[in-house]
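Report on the following structure.
These values consider heavy atoms only, across backbone and side chains, with no hydrogens, waters or symmetry-generated copies. Throughout, a chain's letter reflects where its sequence line sits, starting with A, and its residues are numbered from 1.
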Protein chains: 2
Amino acid sequence: MAKDRKIDLVILGLLSHEDLTGYDIKKQIDSGISFFWKGNFGSIYPALNEMEKSGLVKKKQDKKSSGREKILYHITNDGKKALQEWLREERVSNDLKYETLLKIYFGGGEDRSVTLRNIEVFENQVKEELQILKIYKENLEKVIEEKDHINYYLTVTFGIDTCETYLKWCVKAKKLLRSGSDGSKNKR
Amino acid sequence: MAKDRKIDLVILGLLSHEDLTGYDIKKQIDSGISFFWKGNFGSIYPALNEMEKSGLVKKKQDKKSSGREKILYHITNDGKKALQEWLREERVSNDLKYETLLKIYFGGGEDRSVTLRNIEVFENQVKEELQILKIYKENLEKVIEEKDHINYYLTVTFGIDTCETYLKWCVKAKKLLRSGSDGSKNKR
DNA sequence: ATTGATATATATCATTTTGATATATTATAA
DNA sequence: TTATAATATATCAAAATGATATATATCAAT
């Protein structure tokens with residue numbers, strides 16, 4: 001593991017279960033872990049190329065050579081070792097960027113309706129997210145006895161718990177803004 | 001507002017309250033909003049330069065010219081307008097990157113102790129964060145009647161609520177991992 | 001059968017952000 | 001007086017973002 005590229009670990013983690021193309025990797029990021037991680041083709045394909053050079057993954061020709069070119073990647077032993085090292089490394093960075101909170105923080109000089117609207121927009125996004133997470137949870141509960149699934153389940157309940165907290169906060173926040181101690185001074 | 005540079009809005013938001021140097025801006029990001037946003041000198045200084053060229057901020061010579069060079073920035077009317085536009089724009093991206101959850105998600109093939117340790121590390125980080133946020137909250141409650149403070153207060157309670165949810169989840173997660181339905185199969 | 005729309009698949013690029021380092025001054029503590 | 005921490009600006013390589021280009025495959029509707 002040469003550098004600090006987080007996308008490498010995501011790729012190795014996904015490849016540790018099955019061989020995948022770059023496109024597959026993007027799809028799995030978008031579906032399985034999008035609540036707490038994002039990925040782009042612009043980082044995935046270059047990472048795959050460099051990881052092949054450094055021996056963490058290797059290319060596999062797709063058996064049926066019919067149709068469009070398709071590059072399947074397979075994790076090597078070095079790749080597995082790198083993944084395990086990272087899993088045991090205690091240094092982690094959880095980087096959260098809530099543009100919503102930025103707008104709330106800086107919205108104090110504007111009319112209250114601006115902040116209220118920003119909270120509503122957030123609330124709607126969270127409600128959507130929560131619905132999806134609940135479906136994931138139901139599906140996982142059907143197969144919870146299988147290997148790996150407890151870990152998946154934990155990330156899903158993390159998402160659900162935080163979403164529910166967000167929604168409760170939205171209700172509280174709107175109430176405070178509407179009837180709060182500063183109700184008269186709508187403008188600065 | 002030419003592009004998609006989020007750091008511009010952070011800078012404008014901070015400058016809308018008082019004139020600041022690039023260094024001040026970094027300090028205020030680290031202290032006031034670090035729970036939900038981060039910033040680096042490597043993006044702040046270049047952004048200030050470009051925003052000066054495009055007329056969103058202007059340089060102000062520090063009155064007392066004694067000592068080290070120091071460039072104070074002041075928000076212009078165009079800058080204020082850009083800030084207000086952004087506050088009213090409903091498109092937001094809340095990008096969360098939890099390396100902790102990544103390790104939990106991909107840790108299903110390892111010994112349970114690895115995931116347990118990763119949860120503990122997270123738990124400790126959150127506890128520290130929570131302590132700081134509670135101090136912020138107490139301080140804000142003393143001056144809640146002042147302009148802007150309801151908005152600051154809301155971001156702090158958001159942080160506290162989510163931290164407390166994280167901690168509850170940690171307890172649940174550890175319990176499930178220790179006595180879970182899959183307790184026998186420590187290894188894959 | 002053909003058209004159009006969507007999904008699959010790789011690749012690249014400009015812009016933005018990160019994280020680190022370089023440089024220099026000022027304040028403070030030992 | 002000397003070391004160290006805080007202040008202050010600037011720059012750079014590496015990484016991530018978000019968009020676009022290119023091409024094939026699939027599938028439904030005409």
Subject >> Closest to the B:Pro46 side chain, choosing from D:dT9, D:dT11, D:dA16 >> reply: D:dT11
Original post:
Toward the 5' end of DNA chain C, which comes first, B:Phe41 or A:Ser43, by nearest nucleotide?
Top reply: A:Ser43
**OP:** Whole angstrom is fine here: how far is it from OH in A:Tyr73 over to C1' in C:dA11?
**Re:** 11 Å
Original post:
Linking I/L/V/M/F/W/Y whenever their side-chain heavy atoms sit closer than 4.5 Å, directly or via other members, would B:Val92 and B:Trp37 fall into one cluster?
Top reply: no
Original post:
What does A:Lys97 touch in the nucleic acid at a heavy-atom separation under 4.0 angstrom: a base, only the sugar-phosphate, or nothing?
Top reply: sugar-phosphate
Subject >> A:Lys27 side chain near C:dT8 phosphate (N/O to OP1/OP2, under 4.0 Å) >> reply: yes
Original post:
To the nearest angstrom, how far is B:Asn49 atom CG from D:dT9 atom C1'?
Top reply: 10 Å
**OP:** Would you mind reading off the distance between B:Leu72 atom CG and D:dA8 atom P, rounded to a whole angstrom?
**Re:** 9 Å
Original post:
So, is B:Thr21 close to the D:dT7 phosphate, meaning a side-chain N or O under 4.0 Å from OP1 or OP2?
Top reply: no
**OP:** Grab the CD-C1' distance between A:Glu50 and C:dT10 for me, whole Å please.
**Re:** 16 Å
**OP:** Under the side chain to side chain donor-acceptor pair (under 3.5 Å) rule, what do A:Asn118 and A:Thr115 come out as? Steps first, then yes or no, please.
**Re:** CA-CA 5 Å; A:Asn118 284 323; A:Thr115 299; 5.5 Å; no
Subject >> End axis versus end axis in the helix from C:dA1-D:dT30 to C:dA30-D:dT1, the angle rounded to 10°, five pairs used at each terminus >> reply: 30°
Original post:
Is atom NZ of A:Lys58 surrounded by more than 12 heavy atoms (other residues, nucleotides or ligands) closer than 6.0 Å?
Top reply: no
**OP:** Would you kindly give the CG-to-P distance between A:Leu102 and C:dT17, to the nearest whole Å?
**Re:** 12 Å
Original post:
How about B:Lys172: does its NZ atom have over 12 heavy atoms from other parts shown lying under 6.0 Å from it?
Top reply: yes
Subject >> B:Leu48 CG - D:dT11 P separation (whole Å) >> reply: 13 Å
Subject >> Nearest-nucleotide 5' precedence on DNA chain C, A:Gly42 against A:Asp24 >> reply: A:Asp24
Subject >> Separation of atom NZ in B:Lys6 from atom P in C:dT15, rounded to whole Å >> reply: 17 Å
Which pairs of donor and acceptor atoms, one on a side chain in residues 124-137 of chain A, lie under 3.5 Å apart (sequence neighbours left out)?
residue: A:Asn124; atom: ND2; partner: A:Glu120; partner atom: O; Å: 3.4
residue: A:Tyr136; atom: OH; partner: A:Ser31; partner atom: O; Å: 2.5

Subject >> Short side-chain N/O contact from B:Tyr45 to OP1 or OP2 of D:dT9, under 4.0 Å >> reply: yes
**OP:** State whether the side chain of B:Asp8 and the backbone N or O of B:Met51 hold a donor-acceptor pair below 3.5 Å, judged by distance alone.
**Re:** no
Original post:
For the residue pair B:Tyr98 and A:Phe158, is the inter-centroid distance of their aromatic rings smaller than 6.0 Å?
Top reply: yes
Original post:
Taking only side-chain nitrogens and oxygens of B:Tyr23, does any of them come within less than 4.0 Å of OP1 or OP2 of D:dT9?
Top reply: no
Original post:
How close or far is atom C1' of D:dA16 from atom NZ of A:Lys38, stated in whole angstroms?
Top reply: 14 Å
Original post:
Can you tell which of C:dT16, C:dT18, D:dT17 lies closest to the side chain of B:Asn40?
Top reply: C:dT18
